[in-house]
Structures are given as structure tokens and as C-alpha cells.
Amino acid sequence: MVEAAPPQVNINKASQDELDGVEGLAGHGFEIVRYREERGGFTALRQLDEVPGLSGKVDDSTRERLSL
């Protein structure tokens, strides 16, 4: 039996706790929410590299768990 993929988390709507629960983003939920609030939201997942502390740390497997 194949395991179902975890549901995607919307980075424009998720709470800090929800973001912290995504493998690869743990401990960065606050910065992601702050970035989103200051800039009016994300328009592309690659913008996560602009979030303080995340530059170059978000890999493809983490991005697959996210949506806009």
C-alpha cells in the first residue's frame, strides 16, 4: 500500500504553527508570516529564499508540500 502524500500547506494562509509543522520549515513560521504580512503575500514559492534564515535552505521536497 502506498502512503498518501501529506496535504499541501498554503504559505499565504497558513498560521505560524502550521508552517512550523512542515518538514524543512520548522522554526521559520514566524519569519514566513512576517514576510507575507510585510509584502502582501507570496506570488511564487521561490520567494521563500528571500525570507530571513531560509535563503538556499528550502529544497524541492519541502516546496512539494506547499501551495500558494
Between D17 and S15, is a side chain to side chain donor-acceptor pair (under 3.5 Å) present by the stated rule, with each step listed?
CA-CA 5 Å; D17 289 339; S15 69; 5.2 Å; no

Please give me the minimum heavy-atom distance between [X] and [Y], naming the atom from each residue.
X: A14; Y: V33; value: O-CG2, 4.2 Å
X: K57; Y: D49; value: N-OD1, 4.4 Å
X: K13; Y: E18; value: O-OE1, 4.4 Å

Take atom CD in E23; do more than 12 heavy atoms of anything else shown fall under 6.0 Å from it?
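No, because the 6.0 Å sphere around CD of E23 holds 12 heavy atoms or fewer from other groups.
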
Pairwise distance NE2(H28) to CD(Q16) - rounded to 0.5 angstrom:
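Separation between the atoms: 12.0 Å.
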
Please answer whether the main-chain N or O of [Y] pairs with a side-chain N or O of [X] as donor and acceptor at a distance below 3.5 Å.
X: R36; Y: F42; answer: no
X: Q8; Y: E64; answer: yes
X: Q47; Y: A44; answer: yes
X: D20; Y: A26; answer: no

Just so I know, are the side chains of [X] and [Y] near enough to count as touching, which here means a heavy-atom distance under 4.5 Å?
X: L45; Y: V58; answer: no
X: L68; Y: I11; answer: yes
X: L66; Y: L25; answer: yes

